[in-house]
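Worth knowing before you read on, the calculation uses all heavy atoms, side chains too, and leaves out hydrogens, waters and symmetry mates. Naming convention: chains lettered A, B, ... in sequence-line order (proteins, then strands); numbering from 1 in each chain.
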Amino acid sequence: MIDYQQSLNPAQLEAVTFTHGPVLVIAGAGSGKTRTIVFRLAYLVEKGVVPENMLLLTFTRKAANEMLSRAAALVGRELGSVSGGTFHGFCFLLLRKFAGVLGYNNGFQVMDSGDSEDIIRGIRSELRLGKGDRSFPRNRTILSLISKSRNKEVSLEKLIEKDAFHLREYTEDIDRVKNAYFMEKQRLSLLDYDDLLFFTERLLSENREVLEFVRSVYRYIMVDEYQDTNLVQARLAGLIASREGNIMVVGDDAQSIYGFRGADVGNILDFPGLFPGAHIVRLEENYRSTQPILDLTNNILAHMDAKFEKKLYSSRTEGIMPELIRPASDMSQAKMVMSRIIELNTEYPLHEIAVLFRAGYHSYPLEVELNKASVPYQKFGGIKFSEAAHIKDVLSLTRLAGGSPDFLSWKRALGLLPGVGPKTAEKLFKAYELGDHQQLINFAGKHKEFAELRDLMTSLSEFGGNPSLVVSSVISFYGPYLEKQHAEDLPRRLGGLEQLEQIAAGYDELDIFLADMVLEPPDALGYSAREDALVLSTIHSAKGLEWPAVMIIDLVEDRLPSRHALLDPSEMDEERRLLYVACTRARDYLGLFVPCCVHHRASGFHQPVSQSPFISELSSNLFKELRETTLGRLKPRKESPSGGHVPHQRSSVAASAYCRHKLFGRGKIIMAMPPNKYKVNFPGFGLKIINGDYLEIEE
DNA sequence: AAAATTGACATTTTT
DNA sequence: TGTCAATTTT
């Protein structure tokens, strides 16, 4: 028997043992949230709940698996079949089981955003939209608008009005693309990420018996990271749980950082409304960080209108003060981070040190330095493994082997063959669909490579859908193409394919493997593979993780907060929460870096930047400040009348508008400006503020 | 019709 | 920096 009293604090114990009825756990950063879920799983098992009746929804499947194995270790035996994973993964499995009910009698494929973009590209050329119009929105922009409007459940028109004002004249065109995109998906039996959620909702609300089935199976539900669920996800949780109401959701409104994807902090606030009488438990004791770090993070919290009041405290009262370091530029920032790393490395192994940033490209200068000094590092966030061309090629070929090939994979796979492009691929797909074998045979007769591909498919069908065998054969077929197409960095790409092979070996069903490659791209794979490597990560990808030493770089306006957020107070709040999440990852050491100027790609020059407003907000007794001297050394900051930072000369937003205007002679530029914040004067140009918030420059 | 070349552009965050 | 679309060459 497990001694719960001994192992948990009173709040945790309450969350673990309150198993009947809805519970909302407000879990501050580092408050033992995972531990609580793990013990609850164990507790349920000890109380005799069958594992099949439990559902654990988390942010990644890796997180779910980790919790399950920790719970198993606690109970002392295998837990068996608890369903665990992401909402999307759960929905996929459910839809797959009931595909027929929704009318997908021949099954369906899940597509990633690249596939969606391909469809949109096709639609645009068919509708002849934006031909010759340089400022017509990009396909990926269109896609993200469509997806955002669905996730936030706001009409496209309203969304564009609010989030993409500069595209308002294209609203109608984007709407046409959206409608065509929906029809095309339907026609090709393809579901995108959002479809998985919405179709599941439809399945459950329109089919009583399916709903009853699901409810009878999943009787104990736990949802982690509830602050990052969107409206449909909350409704899904409600649908599944609302008969017995044995649901526990865990989250922290202060850590909601996926608003851009439609996550709604409102969910966590409305939980008591969705489940009347919900029991609320607060976990506020922090087991991760030292008190000086918590003092700083509490100070960040103080500046937002956090809805659930909380103040974290720690028993680790001793600790070093967080540092605020001001390098002269982002280049010297990279050098100074390097020297900090070397210092910290005497005390911590590399993998216990992390550098965090807002966007993937912010780490480029640092990566250059790391490579120069050959410091091994592992980067999280940014480009996805499965978005790389060679991976997509192999996955498309693998999909062809899956029985009923979807059009997109077919097109991609056949496009590899010399002399075959979109037109020919389309013609052949038609022939295939109509069962016109003669045409295919004819083509194979005069096209050696096509015949080879066909033979490959025939031999693959003998593997009975064994992922490992299929993928290895596909890779050996693909080898020559890889050499021809991507000769430059062959070894790296070959390594990637090897990884893919290993991943496939962990599956026994081909279509589950393929769906997972879309739903959970294995970017974290290298994490366990590389033992002692420095961690570089976007703040978003750092969610839920912790390190003894954490450095956060580029804490300047335009980067954190991102330029996009400057206009909208609620987006500014999300940026602030982002900083909060980043800082609360640190156990012992926290370093904040504020470069005085950063390299601007557009102009090619270094431009002065002002420090992030979130840094200005902090009380200065919460950190130790260091400045770079002209010699490149650090010394403690001296009080100076100017407040010690580079005066803001000109907003880079306005500056880049000015440059573009000057260089390209555009007649008129309209762009978003923070109200009253920047007064800009350019000789020879008239400036107007329209709608209060928009800057117009004209000759 | 496909392949190669040029030219322009935009950079958040992710299931 | 790499990507994407338009243009030219094969």
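- Among the atoms of the strands shown, only primed sugar atoms or phosphate atoms (P, OP1, OP2) are found under 4.0 Å from some heavy atom of A:N139.
- With rounding to whole Å, A:F380 atom CZ is found 16 Å from B:dT13 atom P.
- Residue-level contact check: A:Y258 touches the backbone only, with heavy atoms under 4.0 Å from sugar-phosphate atoms and none from bases.
- Looking at heavy-atom distances under 4.0 Å, A:T424 makes contact with sugar-phosphate atoms alone, never a base.
- No donor-acceptor pair closer than 3.5 Å links the side chain of A:S537 to the backbone N or O of A:I539.
- In this structure, A:R261 and A:N230 have side chains that are not in contact, with every pair of non-hydrogen atoms separated by 4.5 Å or more.
- Residue-level contact check: A:R559 touches neither bases nor backbone, having no heavy atom under 4.0 Å from any strand.
- You'll find the ring centres of A:F260 and A:H540 inside the 6.0 Å limit.
- Projected onto DNA chain B by closest heavy-atom contact, A:E575 and A:P418 fall at different nucleotides, the more 5' of which corresponds to A:P418.
- Aromatic rings of A:F87 and A:F59 (six-membered ring for Trp) have centroids beyond the 6.0 Å cut-off, not under it.
- Separating the C1' atom of B:dT12 from that of C:dA5 is a span of 24 Å, rounded to the nearest Å.
- As a whole-Å value, the separation of A:L143 CG from B:dA10 P is 18 Å.
- In a base pair of the Watson-Crick type (N1 to N3 plus N6-O4 or O6-N4) or a G-U wobble (N1-O2 and O6-N3), with each distance short of 3.5 Å, B:dT15 is matched with no nucleotide.
- Of the candidates C:dC4, B:dT14, B:dT12, B:dT12 carries the atom nearest the A:S562 side chain, counting heavy atoms from C-beta on.
- In this structure, A:E225 places its CD atom 14 Å from P of B:dT14, rounding to the nearest Å.
- Judged by distance alone, with hydrogens and angles left aside, the side-chain atoms of A:E520 form a donor-acceptor pair with the main-chain N or O of A:R61 at under 3.5 Å.
- The interatomic distance linking A:K423 (NZ) with B:dA3 (P) rounds to 14 Å, in whole Å.
- When each of A:L578 and A:L417 is assigned the nucleotide of DNA chain B with its nearest heavy atom, A:L417 is the one assigned upstream, toward the 5' end.
- Under the 3.5 Å distance criterion, the side-chain polar atoms of A:D330 are left unmatched by any main-chain donor or acceptor of A:Q333.
- One interatomic measurement links the two molecules: NZ of A:K427 to P of B:dA1, which rounds to 8 Å at whole-angstrom precision.
- With distances taken from any side-chain atom of A:R138 to the nucleotides B:dT14, C:dC4, B:dA2, the minimum falls on C:dC4.
- A:R150 and A:D195 are joined by a salt bridge, as a carboxylate oxygen and a charged side-chain nitrogen come within less than 4.0 angstrom of each other.
- Comparing B:dA2, C:dC4, B:dT11 by their closest approach to the side chain of A:R121 singles out C:dC4.
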Give every pair of a protein N or O atom and an N or O atom of nucleotides 6-10 of chain C that lie under 3.5 Å apart, one pair per line with the distance.
none

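- Checking B:dT14, B:dT11, B:dA2 against the side-chain heavy atoms of A:Y361 singles out B:dT11 as nearest.
- Spacing between atom CZ of A:F357 and atom P of B:dT14 amounts to 10 Å, rounded to whole angstrom units.
- Considering only side-chain N and O atoms, A:S541 lies under 4.0 angstrom from the phosphate OP1 or OP2 of B:dT14.
- Counting only N and O atoms by type, the side chains of A:Y181 and A:D192 include a donor and acceptor under 3.5 Å apart.
- A:I539 places its CD1 atom 11 Å from the P atom of B:dT14, with the value rounded to the nearest Å.
- Nucleotide C:dT3 holds its C1' atom 8 Å from the CZ atom of A:R140, rounded to whole Å.
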